[in-house]
Amino acid sequence: MTTVFTGSTMNDEARRERIFQGDVFVYTASPASRELVSFARELVAETFGGVDPTIAQHSMPVERFAALLADVKPRFIHHPRCKELIAVLLDELGFAPDETYFDVPRLRTSTSDGYLDSGISYAYHAHRDCWYSAPFNQVNWWIPVYDVVPENVFALHPEYFTQAVRNGSGRYDYASWVRTERPSAAQHIYSDTREQPKPEEDLDLSGELRFVMEPGGVLLFSGAQLHSTVRNTSGVTRFSIDFRTVHIDDVRSRKGAPNVDAACLGTTLRDFMRAGDLARIPEELSAEYEKEAVAHVERANGSSY
């Protein structure tokens, strides 16, 4: 059973425990999340000029639209202002800045009616972030930038939180992805040929959960939750922000959600920065996680999910 907590005052340790059990937390917009959304809007407006970015797809060649996204998304991801605002947001929601690490925030888009659903605006199939080498103590953050509707958000599939899904994560190596696949995202306009972990069996996704929140609202859930991009039929492009956090105590103790079906190599832990000073996670921890991933795959090769 998945429980959705709204506006919870639960402390962070108890909240992470619930998230690792499959529960979800929703918060209304805070001063920092509003400012983060406002900053994203500023960059997007600057990039798109006088065109409304949420409906630009109806008046712009897809190649031009993709080029604009290829310009604004990296600028948002790497802007120091984003890191400053995320640190404040973490503090607002009770995440200890000296113990919480976050990765860079992504500016995501989902265009309507298949206009652009590959590469720079990839429409994600059902997946767990843990199929992509994310640690099982990862907490996912999702924040809408403009108004959203049920037809352009994304969906959680909580019935699969403890149910294994046959998937292609055994062919995924994060280091290889960063080196060769991620840099080519903007080149994939009409189709996306990059190898990504996907379900390799039919799934019943009828029990999906969709969250429609105000701009700046915050959704927290486990990186082990199966989730997917909703087929956008709204007529408008959805812009959203997502990033991920881990607590250093959870990383050290291996506390997190269960691994029911992931068999990938590598770890994303080197992407995380401490909120208080942007220091990286100690290298020995990342190296240990890499070794443990190899050992897990070796053990899994003797059985099947």
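These values consider heavy atoms only, across backbone and side chains, with no hydrogens, waters or symmetry-generated copies. In this chain, numbering begins with 1 at the start of the sequence shown.
With respect to the salt-bridge test (charged N to carboxylate O, under 4.0 angstrom), the residues Arg75 and Glu46 qualify. We find that Arg244 and Asp242 are joined by a salt bridge, their nearest charged nitrogen and carboxylate oxygen being less than 4.0 Å apart. Checked for salt-bridge contact, Lys198 and Glu200 miss the test: no charged N lies under 4.0 Å from a carboxylate O. A salt bridge links Glu288 with Arg254: the closest approach of a Lys/Arg side-chain nitrogen to an acidic carboxylate oxygen falls below 4.0 angstrom. Taking 4.0 Å as the cut-off between side-chain N and carboxylate O, Glu151 and Arg231 do not count as a salt-bridged pair. Electrostatic pairing of Arg128 and Asp261 counts as a salt bridge here, judged by a charged N lying under 4.0 Å from a carboxylate O. A salt bridge is absent between Glu99 and Arg274; no separation between the charged side-chain nitrogens and carboxylate oxygens falls under 4.0 Å. Between Arg81 and Glu84, at least one side-chain N (NZ, or NE/NH1/NH2) sits under 4.0 Å from a carboxylate O, which counts as a salt bridge.
Atom CG of residue Leu89 and atom CZ of residue Arg34 lie 11.5 Å apart, to the nearest 0.5 angstrom. Here CG of Leu36 is found 5.5 Å from SG of Cys82. Values are rounded to the nearest 0.5 Å. To the nearest 0.5 angstrom, Phe272 atom CZ is 10.5 Å from Phe102 atom CZ. Rounding to the nearest 0.5 Å places OG1 of Thr268 at 10.0 Å from OH of Tyr289. Atom CD1 of Ile55 is separated from atom OG of Ser59 by 7.0 Å, given to the nearest 0.5 angstrom. Remark: Tyr27 OH to Trp141 CH2 distance equals 8.0 Å, nearest 0.5 Å.
Within 6.0 Å of atom CD in Glu13, 12 or fewer heavy atoms from other residues, nucleotides or ligands are found, so the atom counts as exposed in its surroundings. No more than 12 heavy-atom neighbours from other residues, nucleotides or ligands sit within 6.0 angstrom of CG on Asp202.
Residue Phe221 comes nearest to Ile19 through the heavy atom pair C-CG2, 3.8 Å, listed as atom of the first residue, atom of the second, then distance. For the residue pair Arg210 and Val230, the shortest heavy atom distance occurs at NH1-CG1, 3.3 Å. Nearest heavy atoms, Cys264 versus Val297: O-CG2, 3.9 Å. Of all heavy-atom pairs between Lys83 and Ile77, the closest is NZ-O, 4.1 Å.
Tyr174 and Tyr132 have their aromatic ring centers separated by at least 6.0 angstrom.
Side-chain contact, His296 with Asn259: a donor N or O sits under 3.5 Å from an acceptor N or O. For the residue pair Gln138/Asp129, the side-chain donor-acceptor check at 3.5 Å is satisfied. A donor and an acceptor atom, one from each side chain of Arg238 and Ser240, are located under 3.5 Å apart. Residues Ser30 and Glu92 have side chains that bring a donor and an acceptor to within less than 3.5 angstrom of each other. In this model, no donor atom of one side chain and acceptor atom of the other lie less than 3.5 Å apart for Gln163 and Glu159.
With Ile248 as reference, Leu285 is the one residue of Asp98, Leu285, Thr100 to meet the side-chain contact (heavy atoms from CB on, under 4.5 Å) rule. Shown are His125, His127, His157; of these, the ring-ring contact (aromatic ring centres under 6.0 Å, His included) with His227 is made only by His127.
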Please report the C-alpha distance between Gln57 and Thr111 in whole Å, then the side-chain angles of each, then the deciding distance to 0.1 Å, and finally whether the side chain to side chain donor-acceptor pair (under 3.5 Å) criterion is met. CA-CA 7 Å; Gln57 68 170 86; Thr111 64; 4.6 Å; no
From CA spacing to verdict: side-chain contact (heavy atoms from CB on, under 4.5 Å), Leu205, Tyr160: CA-CA 9 Å; Leu205 304 182; Tyr160 286 100; 4.1 Å; yes
Worked verdict on His58 versus Tyr115 for ring pair (Phe, Tyr, Trp, His ring centres under 6.0 Å): CA-CA 9 Å; His58 300 296; Tyr115 171 78; 7.7 Å; no
Set out, in order, the CA-CA distance, both residues' side-chain angles and the distance that settles ring pair (Phe, Tyr, Trp, His ring centres under 6.0 Å) for Tyr172 and Trp131, then state yes or no. CA-CA 8 Å; Tyr172 185 84; Trp131 292 353; over 10 Å; no
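Within the 3.5 Å criterion, the main-chain N or O of Ser253 finds no donor-acceptor partner in the side chain of Asp249. Remark: side-chain polar atoms of Ser112 are not paired, donor with acceptor, to backbone N or O of Thr237 under 3.5 angstrom.
Ring orientation note: the planes of Phe239 and Phe48 are nearly perpendicular, at an angle over 60° on the 30°/60° scale.
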